[in-house]
*Asks:* 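Mind looking over this structure? Questions follow.
Counting convention: from 1, in listed order, for ligands and their atoms alike. None of the values given here were measured: they were computed from a predicted structure.
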Amino acid sequence: MAKRARVAVLISGRGSNMAALIYAAKGPDCPFEIVLVTGDKPGAAGLDLAESEAVQVARISAADLGKTAFFDTLDRMIRESGADYIALAGFMRIVPADFIARWSDRILNIHPSLLPKYKGLDTHRQAIGNRDKVAGCSVHIVTAKVDDGPVLAQTEVAVMPGDTEETLAARVLIAEHQLYSRTLAAYVSRERDPAWIEQRVGDLALALPETRFKTSHGSPGWRVGSESSGKFFAILFNRHHGEESIGVLVKCSGQDELAQLTEDQPEMYFRPAYYGPSDWIGIRLDRPNVDWDHVAGWLLRSWSIVAPPRLTKLMRAAETF
Ligand code: GRF
């Protein structure tokens with residue numbers, strides 16, 4: 001199995017969702033592992049459970065540190081743990097916008113309502129008060145506005161006659177535990193899915209002038225120039241010829257650069273087998289934390305190497321403005 005995605009979990013209290021994630025990660029096929037549990041309250045009960053499960057725990061106190069130092073410390077600890085993603089699980093602090101920006105699209109949260117209904121607290125009381133027939137829970141991407149980011153998945157839970165806030169919360173919690181691990185697994189796997197990678201590369205490639213999609217020996221590729229005389233500047237590479245990675249092949253400046261990059265940064269670059277002494281270099285894309293601006297830069301460079309002079313001239317002229 002490919003390397004598992006590394007997840008840090010933030011809690012403030014009992015940590016039952018955190019426990020559900022820890023147990024899910026024990027599954028042999030689970031695509032994520034929990035590398036750190038931390039939060040804003042050093043005495044949170046969930047931290048003891050995580051420790052007993054031999055998960056790394058950091059006990060830090062938002063009350064002692066103050067908001068700015070707390071979130072700076074949190075960011076540092078999460079980075080030191082090597083986490084690629086953050087899962088909020090009953091973390092009762094509003095995460096500042098600059099922190100979220102640094103982890104853009106990498107923080108998920110679970111919320112005990114069918115968002116966009118009932119953001120914030122007291123969701124079950126509101127559902128019962130409004131005589132809703134269904135309540136439920138949502139997992140969403142965290143954006144700067146509280147409980148507002150794109151919803152990834154939801155589970156509906158029927159409100160039963162005679163339900164109190166407590167009985168409803170207890171049943172929704174059962175649904176939460178299943179929804180969170182399943183949704184997190186799907187979310188981290190998405191980035192290793194060839195179709196998702198192809199879509200992202202294609203969006204970037206087709207944003208360049210006079211480009212079109214064309215397969216190259218069965219692999220998705222993108223060419224610049226006319227239908228008949230266009231040249232490939234990007235080809236998707238999906239675990240061919242003993243190479244484990246899914247990546248994109250782009251043109252580099254030549255054998256020296258190819259040798260240097262593949263030797264210095266083997267986690268990022270590879271030499272595509274069966275492309276002989278060509279100038280194609282592979283960029284690995286089935287890993288977390290791909291810097292897509294960097295990939296876009298490579299695509300542009302590759303495009304500039306093979307594009308007809310009339311197009312590169314135009315591009316250079318545009319850059320001087
Ligand atoms: C859960 O209901 C979760 O949806 C909400 O806070 C609660 C945390 O419970 N965000 P636990 O700490 O995971 O048991």
*Asks:* Looking only at protein heavy atoms, identify the closest one to atom 9 (O) of ligand 1 and say how far it is in Å.
*Replies:*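 Atom 9 (O) of ligand 1 sits closest to the protein heavy atom Arg14 NH2, 3.2 Å.
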*Asks:* Ala89 versus ligand 1: do any nitrogen or oxygen atoms come within less than 3.5 Å of each other?
*Replies:*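 N/O-N/O distance below 3.5 Å does not exist for this pair.
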*Asks:* Note the single closest protein heavy atom to atom 10 (N) of ligand 1, along with its residue, its atom name and the distance in Å.
*Replies:*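 Ranked first by proximity to atom 10 (N) of ligand 1 is Ile110 O, 3.1 Å.
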*Asks:* Tell me whether Ile11 reaches ligand 1 (any heavy atom closer than 4.0 angstrom to a ligand atom).
*Replies:*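 So Ile11 does not count as touching ligand 1.
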*Asks:* Between Glu263 and Arg271 (salt bridge meaning N to carboxylate O under 4.0 Å), is one present in this structure?
*Replies:*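 Result for this pair is no, no salt bridge flagged.
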*Asks:* Verify the distance criterion only: is there a donor paired with an acceptor across the side chains of Asp148 and Thr143 at less than 3.5 Å?
*Replies:*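 Their side chains do not contain a donor-acceptor pair, so the 3.5 Å distance test is not met.
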*Asks:* Is there a path of hydrophobic side-chain contacts, each under 4.5 Å between heavy atoms of I/L/V/M/F/W/Y residues, joining Leu65 to Val57?
*Replies:*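 Different hydrophobic clusters.
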*Asks:* Looking at Gly15, which atoms of ligand 1 are within less than 4.0 Å of one of its heavy atoms?
*Replies:*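 This gives 11 (P), 12 (O), 13 (O), 14 (O) as the contact atoms.
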*Asks:* So, Tyr187 versus Phe32, ring centres under 6.0 angstrom or not?
*Replies:*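 No: the rings miss the under 6.0 Å criterion.
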*Asks:* Under 3.5 Å, N or O to N or O, is Gly13 touching ligand 1 that way?
*Replies:*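 In this structure, Gly13 places no N or O atom under 3.5 Å from an N or O of ligand 1.
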*Asks:* With respect to atom 11 (P) of ligand 1, which of Ala44, Gly90, Ser16 exhibits the smallest heavy-atom separation?
*Replies:*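 Comparing heavy atoms across Ala44, Gly90, Ser16, the nearest one to atom 11 (P) of ligand 1 lies in Ser16.
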*Asks:* Quick one: look up the protein heavy atom nearest atom 1 (C) of ligand 1 and list residue, atom name and how far away it is.
*Replies:*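 So the nearest neighbour among protein heavy atoms is Glu176 OE1, 3.1 Å.
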*Asks:* Looking only at the side chains, is there a donor atom on one of Gln126 and Asn130 sitting less than 3.5 Å from an acceptor on the other?
*Replies:*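 Checked: Gln126/Asn130 side chains show no N/O donor-acceptor pair below 3.5 Å.
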*Asks:* Give a yes or no answer on whether the side chain of Gln56 reaches the backbone of Ile34 with a donor-acceptor pair at less than 3.5 Å.
*Replies:*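 No, the answer is negative, given that no donor and acceptor are paired below the 3.5 Å cut-off.
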